[in-house]
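Whatever order the structure lists ligands and atoms in, that order sets their numbers, starting from 1. Quantities reported herein were computed from a predicted structural model and do not represent experimental measurements. In what follows, residues are counted from 1 in the order of the sequence shown.
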Amino acid sequence: MHDPQLAADGRLRHLLTLDGLPRARIESLLDDAARLRAQWRTQRALPPLLAGRSVVNLFFEASTRTRTSFDLAARRLGALVINFDIASSSTSKGETLEDTLATLEAMDADAFVVRHRENDTPALLASHCRQAAILNAGDGNRAHPTQGLLDLLTIRDRKGRIDGLKVVICGDIRHSRVARSDVHGLQALGAAAIHLCGPTALLPAGAAFPGCVIDEDFDVALTDADVIIMLRIQRERLEHATQLDGAAYHARFGLTGQRLARAGHDALVMHPGPINRGVEIDSSVADGAQSAILDQVANGVFVRMAALAQLLAP
Ligand code: ASP
């Protein structure tokens with residue numbers, strides 16, 4: 001079946017998910033991001049690849065890192081950015097999202113960065129776009145492709161490769177779009193083993209993550225891990241009945257210095273943020289020498305530049 005995010009000639013038309021995105025496309029996004037990063041860091045300036053383009057941020061859920069970094073990425077490449085204020089817009093008067101999109105597209109908006117609590121909203125909007133591009137900034141528990149890309153770039157920088165690595169992802173896997181996009185990207189780039197850890201209530205049905213090892217024992221999973229990705233418990237997506245006790249959770253699944261030692265001194269520690277210190281990760285680990293958490297944040301700006309440039313640059 002044709003992938004709606006690729007044009008007939010194989011170029012990127014939208015960025016909705018890493019699921020099914022060809023390895024060469026993922027690698028070209030990472031390579032472009034690394035090139036833009038090198039240029040930015042040496043010259044503090046970038047070519048205006050997006051001059052004359054307008055990017056609209058449509059965030060229907062809270063965001064710190066993703067929204068700010070899309071904004072910076074677009075502006076640093078010369079685009080005009082509109083941070084659409086949902087609370088004061090006509091969507092609050094009952095206008096459908098499709099009509100809002102058509103209205104903004106009629107004003108020649110070139111790209112929409114969309115975050116929504118419902119799975120598939122970005123894909124639905126993409127099917128209504130005439131020429132604008134949709135960038136998924138996180139939909140429900142389904143996909144967060146730019147987070148996946150920034151995680152891949154961070155791992156590739158620090159480990160030199162993705163091929164052959166053992167990666168452990170621990171936390172609220174069931175509700176995590178980050179886990180899904182990470183898994184899709186890691187599998188596309190040849191990771192050897194991906195272990196998904198967490199309490200039963202937060203683990204997905206095995207079929208949701210083909211090719212991954214589901215593991216309730218974090219200590220066992222950590223042995224020989226090259227990369228450990230910790231996730232927040234997404235309380236906003238939990239039914240009341242499955243609310244968890246933070247201290248009990250920390251005792252079994254919190255990444256402490258002692259636990260990290262099981263993985264080895266060169267294991268990389270990652271977290272997409274926001275972090276709940278003392279719950280899924282201790283401060284000594286989050287701020288420690290093995291942590292790449294702020295590198296992830298920094299890389300977020302560059303992968304978003306790469307995606308915007310591949311979608312919009314002439
Ligand atoms: N910031 C990430 C997301 O939007 C992870 C999280 O919220 O825990 O999915």
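- When the side chains of ILVMFWY residues are joined at heavy-atom separations under 4.5 Å, either directly or via intervening members, Leu97 and Leu58 end up in a single hydrophobic cluster.
- Side-chain atoms of Thr66 and Arg115 include a donor-acceptor pair closer than 3.5 Å.
- Listed as neighbours of ligand 1 are Arg115, His144, Arg177, Val178, Arg232, Gly273, Pro274, each bearing a heavy atom under 4.0 Å from the ligand.
- Judged purely by distance below 3.5 Å, without hydrogens or angles, the side chains of Thr17 and Gln5 never pair a donor atom with an acceptor atom.
- Between the side chains of Asp282 and His250, at least one donor N or O lies within less than 3.5 Å of an accepting N or O.
- Under a 4.0 Å N-O distance rule, the pair Arg177/Glu61 qualifies as a salt bridge.
- No salt bridge links Asp71 with Arg304; every basic N to acidic carboxylate O contact stays at or beyond 4.0 Å.
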